[in-house]
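In each ligand, atom 1 is the first atom listed, and ligand 1 is the first ligand listed. Everything numeric here is computed off the predicted structure, so don't read it as measured data.
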Amino acid sequence: MTLIEGHRPITPATGIPVWDVNPYDEAILRDPYEYYARLRELGEVVYIPRYSVLAVGRYATTHKIFADHENFLSSRGVGLNDFALEKGWRERSIILEVDPPEHTKTRKVMARVLSPKVMKTMSDLFRDTAERIVDQIIDQGTIEVVADLAEPYPTTVFPQALGMTESNRRYLVDYGAMVFNSVGPDNALRRNSLRNAGEIIPWITAACARERLTEDGMGAMVYADADKGEITHDEAGLLVRSFLSAGVDTTVTGIGNALWCLSQNPGEWDKLKADPTLFRPAFEEVLRYTSPVHTFGRTAGHATEIAGYPVEEGTKILCVLGAANMDPDKWGDPEVFRIDRKPVGHVGFGAGIHGCVGQNLARAELQALLTVMLERIDRIEPAGDPVWRPNNAIRALDKLPLKLIPK
Ligand code: OVV
């Protein structure tokens, strides 16, 4: 049988609306809000013939699918490629791309390494680095957020927290883009980012080796669990690779998107400056409003249903997290960015057993950086049009010119 994007084409059940859209059109990836709205309007679940997939964008249904790991598998890949039929572009992740019981063991190791207790030990590193980087840019007047702040900060603190003895900002950022573009179709975005795979993958693999890591970082903690027999040493290397896959692009994007939201909404910046303890709900609102991971997929492991419609085994389902987080049936005035909204239940970190295991680290990074900025900067103002960087799974900025007005 001819596969479509590495999965079996399906015949959608009667009654499922059909939408002739390309969700990976670069114009949509740059400005997705109309696509989100239309997807939600069309129904609980929509069939997209171009890729022969179902897509969901309403909050309740998206959340339900993410919560149901028994029917909607991760082990067949979270992109369009069905791992039961075709090999992926790299050895599969042993936390993202597995189901229970395999998932349970690796998740436990990662959850321990990324626990709030361990994050506390990193607060000085996060704070000191934030001060250093903000000091470097504060008198510049106008900055370009992505190159001057969003990329430098995580690519400085994260390799240190992990214990990397040798780092490379470009490789880390490009590997993240490769990982996230790869869950999409075989389009120009995916092909372009995989062009450098031959150079980057061997570097990433080597960086995960025990002897390349310090003895006091998160990487060493993963290897210590291998010494105790919880996982094998090969598995430890793959979990360190998961840090590098999931920990860089996401936080770079979170920082850029946070500053985009706050610079577009000066009243919200002022509220946060007046009460920095609002940091936490503010960051959750950024994740709701500009969800860094806009789409992740699941595969129906057997015949099942979505909102009452039958779904065939092997069906790929695009879960459009960005759309769910803007669903007016869930959120009042979803198009308004309000730092005190407290959007409990947003799916910016996913949901269920695969919900982001690194979310405490992400929050700690953002908190340190934003706190230092709010202490030293009175106002931020747009200094030109933002440019988005299309990616098949990530909604990230390419350029954000910003004027900083120090206190
Ligand atoms: C959540 C996430 C995203 C991307 C990659 C991975 C995990 C991984 O485990 O490789």
Side-chain angles (χ1 to χ4, degrees), residues 65-66 69 72-81 83 87-100 102-114 154-155 158-159 162 164 171-184 189-190 193-194 197 200-201 203-205 207-208 218-219 222 225 231-232 234-254 287 291-299 318-322 346-363 365 391-396:
I65 291 175
F66 257 49
H69 59 269
F72 301 107
L73 306 182
S74 289
S75 58
R76 289 166 73 166
V78 299
L80 293 180
N81 192 222
F83 292 177
K87 265 176 69 149
W89 61 284
R90 59 169 191 169
E91 190 179 342
R92 80 164 69 179
S93 161
I94 60 169
I95 182 159
L96 176 73
E97 294 156 336
V98 290
D99 302 317
E102 290 80 12
H103 174 262
T104 316
K105 190 177 64 170
T106 49
R107 171 83 189 196
K108 199 165 150 199
V109 169
M110 292 294 261
R112 207 184 297 128
V113 174
L114 288 157
T155 54
F158 189 72
L162 196 54
M164 294 176 80
Y171 281 175
L172 288 174
V173 169
D174 288 353
Y175 186 64
M178 193 182 298
V179 165
F180 285 99
N181 268 322
S182 292
V183 303
L189 292 170
R190 190 179 196 269
S193 48
L194 282 171
I200 297 178
I201 293 178
W203 184 85
I204 291 284
T205 307
C208 297
M218 296 186 297
V222 174
D225 284 343
I231 50 173
T232 69
D234 284 351
E235 287 173 332
L238 280 169
L239 288 180
V240 174
R241 192 194 66 174
S242 283
F243 272 105
L244 299 182
S245 305
V248 178
D249 244 36
T250 48
T251 49
V252 167
T253 301
L287 295 175
S291 311
V293 177
H294 62 75
T295 308
F296 252 176
R298 293 289 187 262
T299 313
L318 302 184
C319 300
V320 186
L321 304 171
H346 75 76
V347 286
F349 283 129
I353 64 166
H354 287 281
C356 181
V357 74
Q359 55 185 278
N360 298 313
L361 177 56
R363 287 196 190 96
E365 278 190 28
N391 179 291
N392 290 327
I394 289 247
R395 171 151 164 81

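Remark: V183 engages V78, F296, A393 in a side-chain contact (heavy atoms from CB on, under 4.5 Å) (not counting sequence neighbours). Annotation: side chain to side chain donor-acceptor pair (under 3.5 Å) contacts of R395 (sequence neighbours excluded): none. Looking at residues two or more places apart in sequence or on another chain, you find no salt bridge (charged side-chain N to carboxylate O under 4.0 Å, His left out) involving R190.
Taking both residues in full, the closest heavy atoms of L287 and P292 are given as CD2-CD, 3.6 Å, listed atom of the first, atom of the second, then distance.
A salt bridge links E235 to K105: at least one charged side-chain nitrogen sits closer than 4.0 Å to a carboxylate oxygen.
Pocket lining of ligand 1, defined as residues with a non-hydrogen atom under 4.0 Å away: R90, S93, I95, L96, V179, F180, S242, S245, A246.
The line from CZ of F158 to CE of M164 is 9.0 Å long, rounded to the nearest 0.5 Å.
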